[in-house]
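Reading through the structure tokens given below for one structure.
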Amino acid sequence: MASSQPTVFVLFGATGDLAKRMVLPSFYQLHLEGLLPEKWVLIGNGRKDSSDDEFREHVRSGLDEFVENVAEDDWSTFSERIRFAGNGFTVDDPGKLPEVVAEVKKDIGDDAQLVHYIALPPSTFVDYTKALGAHDLADGARVVYEKPFGTSQKNFEELDKAVHEVVDEKQVYRIDHFLGKEATQNLHVARFANGMISGIWNAEHVAQVQIDVPETLDIDDRAEFYDATGAVLDMLVTHLFQVAAEVAMEPPASLKADDLQSARETVIGRFRPLDTAEVVLGQYDGYRDVEGVDENSKVDTFVAATLWVDTDRWRGVPFLLRTGKMLGVSEQRVSLVFRKPADSPLGELPEDGAVLSFDLSGDGSIDIAMTVKEPGPDFDLSVGHLALPLESVPDAEPLSPYARLILDVLGGDRSLFTRPDGLAHVWDVAAPLLGDPPEVKPYAPGSMGPAEADELAGPCGWLITGK
Ligand SMILES: NC(=O)C1=CN([C@@H]2O[C@H](COP(=O)(O)OP(=O)(O)OC[C@H]3O[C@@H](n4cnc5c(N)ncnc54)[C@H](OP(=O)(O)O)[C@@H]3O)[C@@H](O)[C@H]2O)C=CC1
Ligand SMILES: O=C1O[C@H](COP(=O)(O)O)[C@@H](O)[C@H](O)[C@H]1O
């Protein structure tokens, strides 16, 4: 639950794509489910000088697009708590924000918790952080940073320094929304709550781990952002590394924020720097024709990589990571492929005949693949599948990842947010790839990426085939 303390939520970048698609619909979900404090106000910020009503119209059109059936009563109680403070926000000129914050605090209480959500292009994070300090809006506030927290090692270090000059680490919430997914949270619950799983979560039993996030999505709406970023920075070193850390971490002392964060950040420190011979980069045919993309762009829209985790638990087990745009299928799956029993009396067994997997998409699901006798007169082996959709769990009320993470910010729980020590290691792990990337190979839209990526997966192959 969020705290009951009155809250002023300032959304920087309130007119942007992320705000419209994720943050505002999630806030609305929390409002509908009664999970927000009794007294709260959301103040949108932007560079234009829009009125409260103009911004409310903008919010409403976003909800109509991304939320099913917005009821008028619900909208009315939601919209009356929405304000807009325009004219930008810089060190030299704070625009209207300080005066609107003061007005709102007068109304809901001077002790209101201030939460700043920075949903802006990453290039602006340093300046907005400095402006928070310059205009006395940082004291005691919580500050949420969107990903990526740093666009290069140098930029990460500069941002980290700027942030810590203005706020204490305990005030900082760095979002990686893959950590907020229901099925991602179930990675450690499945493992630490179930004796049948905890004992086999290691190299003795697991032959390989696949973290596979192919997407059919293109990049049309975000061409400029994407062409400056690419799949490695957009997905691999952010979401896929964080999920790999969730799988690979040692048992935390408790599931309290500090212990869980430490377990995740410590294991990132044991990721071996990537070997570019084990990385395949790709770009889909037609990418350079997209408006906003450089006609000679060499940006990667696909990456597959083998990650090695140098701990006793995982030494020798490849973590196969893959993601890309315009592929044949959209899935988000973490799979632990188990070793075949040695000297089985059943003879040759399928490579993918024992797999525990977590579907991270939507409300999430936990699935098991196991080798069984194919029912019938003959003694043939086949692979059967069991699925546990998490929404089918009694009393389940799944939250979207953004709703989960916003709720945690309001409640002051930093367990599912990243820390700078882990992020600093991420740049070390990625350095060989960023410094000397392999050639970007072409692939056909609708395929599963360059053929070279298939070789990384070994005899098991990628479990998601797109067929
Ligand atoms: N969109 C997505 O799907 C995802 C985005 N993210 C992250 O969320 C953040 C926001 O992304 P997104 O919403 O797509 O970005 P947008 O490009 O839509 O920008 C958000 C808003 O920021 C303001 N803005 C843009 N450029 C500047 C600038 N130079 N200085 C000050 N304000 C500026 C604009 O508002 P105005 O004109 O009103 O000032 C704009 O509407 C990024 O860090 C991104 O990496 C993370 C996951 C997914
Ligand atoms: O952060 C990002 O994530 C999305 C995939 O996230 P989803 O869970 O919301 O589908 C990805 O498409 C995008 O490129 C990336 O910026």
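All of these numbers come straight from a predicted model, not from anything done at the bench. Atoms within each ligand, like the ligands themselves, are counted from 1 in listed order.
A salt bridge does not link Glu157 with Lys161: none of the charged nitrogens is closer than 4.0 Å to a carboxylate oxygen. A salt bridge is defined here as a Lys NZ or Arg NE, NH1 or NH2 lying under 4.0 Å from an Asp or Glu carboxylate O, and Arg83 with Glu103 meets this definition. Using a cut-off of 4.0 Å between Lys/Arg side-chain N and Asp/Glu carboxylate O, Asp53 and Arg56 are scored as salt-bridged. By the 4.0 Å N-to-carboxylate-O rule, Glu215 lies close enough to Lys325 to be salt-bridged with it.
In terms of protein heavy atoms, atom 16 (O) of ligand 2 is closest to Asp234 OD1, 2.6 Å. For atom 31 (C) of ligand 1, the closest non-hydrogen atom on the protein side is Tyr128 OH, 3.4 Å. Among protein heavy atoms, the minimum distance from atom 2 (C) of ligand 2 is reached at His239 NE2, 3.4 Å. Closest to atom 29 (N) of ligand 1, if we only count protein heavy atoms, is Thr124 CG2, 3.7 Å. Nearest protein heavy-atom contact of atom 13 (C) of ligand 2 is Arg222 NH1, 3.3 Å. At the top of the distance list for atom 5 (C) of ligand 1, counting protein heavy atoms only, stands Leu18 CD1, 3.6 Å. For atom 5 (C) of ligand 2, the closest non-hydrogen atom on the protein side is Glu215 OE2, 3.5 Å. Distance from atom 14 (O) of ligand 1 to its nearest protein heavy atom, with residue and atom name: Asp17 CB, 3.5 Å. Protein heavy atom in closest approach to atom 6 (O) of ligand 2: His177 NE2, 3.2 Å. The nearest heavy-atom contact from the protein to atom 35 (O) of ligand 1 is Thr15 OG1, 3.0 Å. In terms of protein heavy-atom proximity, atom 8 (O) of ligand 2 is nearest to Lys181 NZ, 2.5 Å. Protein heavy atom closest to atom 10 (C) of ligand 1, with residue, atom name and distance, is Ala119 O, 3.4 Å.
The contact set between ligand 2 and Lys325, taken as ligand atoms under 4.0 Å from a residue heavy atom, comprises 11 (C), 12 (O), 13 (C), 14 (O). The contact set between ligand 2 and Met22, taken as ligand atoms under 4.0 Å from a residue heavy atom, comprises 9 (O). Interface atoms of ligand 2 facing Leu217, defined by a heavy-atom separation under 4.0 Å, are 12 (O). Remark: ligand 2 atoms within the under-4.0 Å shell around heavy atoms of Lys147 are 1 (O), 2 (C), 15 (C), 16 (O). Near Phe125, meaning under 4.0 Å from any of its heavy atoms, are these atoms of ligand 1: 43 (O). Each of the following atoms of ligand 1 lies closer than 4.0 Å to a heavy atom of Pro148: 45 (O). Ligand 2 places these atoms under 4.0 Å from at least one heavy atom of Phe178: 6 (O), 8 (O).
Side-chain atoms of Ser415 and Asp413 form a donor-acceptor pair, as typed in the model, at a separation below 3.5 Å. Between Asp176 and Thr418, the side chains place no donor N or O within less than 3.5 Å of an acceptor N or O (distance only, hydrogens not considered). With no hydrogens or angles considered, a side-chain donor-acceptor pair links Asp367 and Ser365 at under 3.5 Å. Tyr443 and Thr301 form a side-chain donor-acceptor contact under 3.5 Å, judged by distance and modelled atom types alone. For the 3.5 Å distance criterion, the side chains of His425 and Asp421 fail to qualify, holding no donor opposite an acceptor.
Phe12 and Tyr128 have perpendicular rings, their planes meeting at more than 60° on a 0 to 90° scale where under 30° would count as parallel. Between Trp427 and Phe156, the ring planes are tilted. Angles from 30° to 60° get that label. Note on ring orientation: taking the six-membered ring where Trp is involved, the planes of Phe78 and His31 are tilted (angle from 30° to 60°). Relative ring orientation between Phe417 and Tyr173 is described as perpendicular, the plane-to-plane angle rising above 60° on a 0-90° scale split at 30° and 60°.
Considering both main-chain and side-chain atoms, Gly46 never comes within under 3.5 Å of ligand 1 through any nitrogen or oxygen pair. Considering backbone and side-chain atoms alike, Arg21 places an N or O below 3.5 Å from some N or O of ligand 1. Among the atoms of Arg47, some N or O lies under 3.5 angstrom from an N or O of ligand 1. When only interatomic distances are considered, the shortest N/O to N/O separation between Asn45 and ligand 1 does not fall below 3.5 Å. Ligand 1 has an N or O atom lying under 3.5 Å from an N or O atom of Leu120, backbone or side chain.
Neither the backbone nor the side chain of Phe89 has any atom closer than 4.0 Å to an atom of ligand 1 (non-hydrogen atoms only). Only side-chain heavy atoms of Tyr402 come within less than 4.0 Å of ligand 1; its backbone N, CA, C and O stay farther off. Contacts between Glu146 and ligand 1 below 4.0 angstrom, taking non-hydrogen atoms only, involve the side chain exclusively. Counting heavy atoms under 4.0 Å from ligand 1, residue Phe225 touches it through the side chain alone. Proximity of Arg222 to ligand 1, defined as any heavy-atom pair under 4.0 Å, is confined to the side chain (atoms from C-beta onward).
Between Ile175 and Lys147 the shortest side-chain heavy-atom distance does not fall below 4.5 Å.
When atom types are taken as modelled, the side chain of Gln210 and the backbone of Leu320 share no donor-acceptor pair closer than 3.5 angstrom. Checking side-chain atoms of Arg404 against main-chain N and O of Gly180 turns up no donor-acceptor pair under 3.5 Å.
Among Gln332, Met235, Arg21, the residue whose heavy atom lies closest to atom 10 (O) of ligand 2 is Gln332. Closest heavy-atom approach to atom 19 (O) of ligand 1 among the candidates Pro121, Ser123, Ala14, Gly13: Pro121.
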Tell me, with the steps shown, if Thr15 and His58 meet side-chain hydrogen bond (donor to acceptor under 3.5 Å, both in side chains).
-> CA-CA 8 Å; Thr15 62; His58 172 81; 5.6 Å; no

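Nearest heavy atoms, Thr7 versus Ile108: O-CD1, 3.7 Å.
Not a single heavy atom of Tyr226 sits closer than 4.0 Å to an atom of ligand 2. At least one heavy atom of Lys147 lies less than 4.0 angstrom from ligand 1.
A ring pair (Phe, Tyr, Trp, His ring centres under 6.0 Å) with Trp314 holds for exactly one of Phe271, Phe319, Trp308; it is Phe319.
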